[in-house]
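Here's the structure we're looking at; comments come further down.
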Amino acid sequence: MNKFNGDKAMNNNLELTCINCPMGCRLRVTIKDGVVAKVANNQCPRGIAYAKQECVDPQRLLTTTVPIHGADINVLPVKTSGPIPKDRIFECIDALKGFSVYAPIMSGDVIFGNIAGTGVDIVATRTVDKQ
Amino acid sequence: MKILNIDIVIIGGGPAGLAAAVSAKKCGCESIVIIERDTSLGGILNQCIHSGFGLHRFSQELTGPEYAQRYIDMVHEMDIPYMLNTMVLDIASDRMITAVNPQNGMMRIQAKSVILAGGCRERPKGAINIFGSRPAGVFTAGTAQKFVNIDGYMPGKKVVILGSGDIGLIMARRMTLEGATVVSVLELMPYSGGLNRNIVQCLEDYNIPLLYSHTITELIGKERLEGVVIAQVDDGLKPISGTQQTIECDTLLLSVGLIPENELAKSAGVELSGVTGGSVVNERFETCIPGIFACGNVLHVHDLVDYVSEESEHAARYAALYIHAGSGGKSFKRIDITPGNGVRYALPMHIEYTPLDEDITIRFRVDNKYMDKRIDIIFDGKVQKSINKRILAPGEMETVKIGKDTINDAKSLQNITIAVGDGYE
């Protein structure tokens with residue numbers, strides 16, 4: 001649910017927790033005429049960018065695992081190479097169903113390009129030797 | 001049995017052990033070994049596949065395995081020896097280590113210096129006394145995390161989670177992404193011990209309800225869990241009669257605390273703190289046994305791995321110094337560091353070697369959630385410095401730094417107390 005749309009107000013004050021880093025600053029956002037006009041209580045500039053994005057088109061990084069063959073572990077940890085729209089997370093998870101990889105893999109290897117047409121890749125986050 | 005002689009033996013190849021090893025090598029030590037019981041280096045980070053690591057250390061948002069890989073790569077580049085699949089069975093007070101692995105069988109290693117970096121374990125179901133028979137389907141959150149993220153197994157389909165610390169929150173999201181339904185997260189306290197960002201990105205994002213001031217009073221099910229009885233708790237954390245409800249589920253994940261793993265330290269005769277569960281240490285991260293050091297979660301449970309690395313590098317520098325110089329300070333005057341009002345513990349517990357060579361970092365946790373307070377640094381009963389703090393929480397480790405000159409100049413100083421004070425300016 002998009003917090004902005006959910007509030008249904010063109011002029012509103014709302015509170016968001018920034019998720020950029022473990023600080024979790026509680027941002028105070030002022031919306032005027034349907035636009036983020038002011039962001040307060042952020043400890044760094046990333047909070048302002050976060051609030052603006054979150055109110056319009058929330059994005060998230062996705063981390064998950066993919067089965068791997070020929071290694072001493074059964075699943076390989078992976079992540080999206082960049083943020084994807086929050087409401088497309090399960091679409092990306094579903095696009096990986098049935099997909100698996102073979103060792104050896106290097107951390108950073110692209111193992112699935114342009115997941116669900118988002119323009120974002122799935123990359124390995126662990127280096128795994130062939131067993 | 002042949003005895004191996006190694007200068008620095010590091011127990012544990014997770015983030016603490018890895019950072020310590022790299023630091024010891026950088027200090028010029030060649031005779032080092034990391035002893036790791038698992039099949040690979042990386043420790044707990046291998047199963048922490050989510051991001052949020054390394055923001056302080058590398059100015060990047062890394063996943064757990066990526067953070068570990070940075071250090072594993074350094075260990076390989078620097079040619080630091082390590083043993084995998086090797087379990088340390090005993091550490092004697094003279095630093096003789098007994099270990100075992102499939103290749104070599106039993107081994108004895110005489111260390112000049114030992115760095116305890118073995119991490120922590122989870123508080124198990126038996127420790128929290130939930131009434132019921134012992135149905136399958138009850139796991140600690142970390143065990144479930146290992147099943148999902150390393151072994152590729154789903155522990156269950158309909159999940160209740162007890163505890164809103166970060167592990168519980170992270171697993172709420174992980175189970176949901178893998179197709180389970182997380183019915184509810186229950187938290188005993190009126191606040192969460194986890195990071196705000198995790199409440200948002202693990203619970204709110206997936207509309208998973210979080211019930212504060214609740215606990216589980218009974219497990220339902222004989223062979224397999226069928227449900228849990230939950231109840232609201234009062235200010236004394238006791239279940240309130242009449243508030244019981246049953247939640248249908250087949251899986252219960254317990255995220256109810258981490259305990260530093262110190263069986264080895266005990267057998268060596270190391271003094272432990274009743275509050276942290278880890279060793280009592282001085283400003284060099286040295287335990288009461290000269291040449292035995294401790295760092296990372298085995299010393300006290302951390303929130304951010306970046307601080308584990310920092311702490312472990314520090315401990316290793318002094319372990320390396322110990323090899324070259326022995327346990328020696330200049331004049332000896334012990335200064336106690338004690339937790340005051342509102343502070344649950346402070347570490348290190350004392351300064352042993354004065355005058356100090358380095359500024360000192362004191363890490364501590366408060367005992368409750370506080371708003372608009374001060375942190376007071378008190379020298380022998382007098383407030384030496386105050387720092388305004390808008391928010392203080394038990395789930396967020398705090399640090400204060402005191403300059404070495406400030407301490408060295410205070411000639412008659414016997415006690416430093418860290419306390420929460422009123423009056424935010």
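Nothing here was measured: the structure is a model prediction, and the numbers come from that model.
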Indicate every side-chain donor-acceptor pair of residues 66-74 of chain B with a distance under 3.5 Å to a residue at least two apart or in another chain.
from: B:Glu66; atom 1: OE1; to: A:Lys79; atom 2: NZ; distance (Å): 3.2
from: B:Glu66; atom 1: OE1; to: B:Thr63; atom 2: N; distance (Å): 2.9
from: B:Glu66; atom 1: OE1; to: B:Thr63; atom 2: OG1; distance (Å): 2.9
from: B:Glu66; atom 1: OE2; to: A:Lys79; atom 2: NZ; distance (Å): 2.9
from: B:Tyr67; atom 1: OH; to: B:Ser309; atom 2: OG; distance (Å): 2.6
from: B:Gln69; atom 1: OE1; to: A:Thr127; atom 2: N; distance (Å): 3.3
from: B:Gln69; atom 1: NE2; to: B:Asp73; atom 2: OD1; distance (Å): 3.1
from: B:Arg70; atom 1: NH2; to: B:Gln60; atom 2: OE1; distance (Å): 2.8
from: B:Tyr71; atom 1: OH; to: B:Arg57; atom 2: NH1; distance (Å): 3.1

Expected list for residues 101-110 of chain A: side-chain donor-acceptor pairs under 3.5 angstrom, two or more places apart:
from: A:Ser107; atom 1: OG; to: A:Thr125; atom 2: O; distance (Å): 3.4
from: A:Asp109; atom 1: OD2; to: A:Met106; atom 2: N; distance (Å): 2.9

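Using a 4.5 Å cut-off between heavy atoms, A:Leu61 touches chain B through its side chain atoms alone. When heavy atoms are compared at a cutoff of 4.5 Å, A:Asp129 does not approach chain B at all. For B:Phe53, no part sits under 4.5 Å from any heavy atom of chain A, backbone or side chain. The contact between B:Ile150 and chain A is made by backbone and side chain atoms together, counting heavy-atom distances below 4.5 Å.
Going from atom CG of B:Leu195 over to atom OG1 of A:Thr17 covers 11.0 Å, rounded to the nearest 0.5 Å. Between atom CG of residue B:Asn149 and atom CD1 of residue A:Ile73 there is a gap of 10.0 Å, rounded to the nearest 0.5 Å. If you take OG on B:Ser51 and CZ on A:Arg60, they are separated by 11.0 Å, rounding to the nearest 0.5 Å. In this structure, A:Thr64 OG1 and B:Ile49 CD1 are separated by 5.5 Å, a value rounded to the nearest 0.5 Å. Residue A:Asp87 holds its CG atom at 11.0 Å from CG of B:Asp205, rounded to the nearest 0.5 Å.
In the model, A:Thr63 has no side-chain atom that pairs as donor or acceptor with a side-chain atom of B:Arg173 under 3.5 Å.
Between A:Leu62 and B:His50 the shortest side-chain heavy-atom distance does not fall below 4.5 Å. When side chains are defined from C-beta on, A:Thr65 counts as touching B:Glu178, because their heavy atoms get closer than 4.5 Å. Within the 4.5 Å cutoff, no side-chain heavy atoms of B:Arg197 are placed close to those of A:Cys25. You'll find the side chain of B:Leu177 reaches within 4.5 Å of the side chain of A:Ile89, heavy atoms only. Using a 4.5 Å heavy-atom cutoff, the side chains of A:Phe90 and B:Thr176 are in contact.
Atom CD of A:Gln43 sits in a sparse spot, with 12 or fewer heavy atoms from other residues, nucleotides or ligands closer than 6.0 Å. B:Met87 CE: 12 or fewer foreign heavy atoms inside a 6.0 Å radius. The number of heavy-atom neighbours closer than 6.0 Å to OH of B:Tyr153, taken from other residues, nucleotides and ligands shown, is 12 or below.
For B:Asp306, there are no salt bridge (Lys or Arg N to Asp or Glu O under 4.0 Å) partners at least two apart in sequence or on another chain.
Chain A forms the most heavy-atom pairs under 4.5 Å with one residue out of B:Asp303, B:Thr39, B:Asn46, and that residue is B:Asn46. Contacts with chain A were tallied for B:Gln201, B:Arg174, B:Gln47, B:Glu61; B:Arg174 has the most, counting heavy-atom pairs under 4.5 Å. Each of A:Val78, A:Val75, A:Leu76 has some count of heavy-atom pairs under 4.5 Å with chain B, and the biggest count is that of A:Val75.
Listed in order of number, the residues of residues 391-398 of chain B that approach chain A to under 4.5 Å between heavy atoms amount to none.
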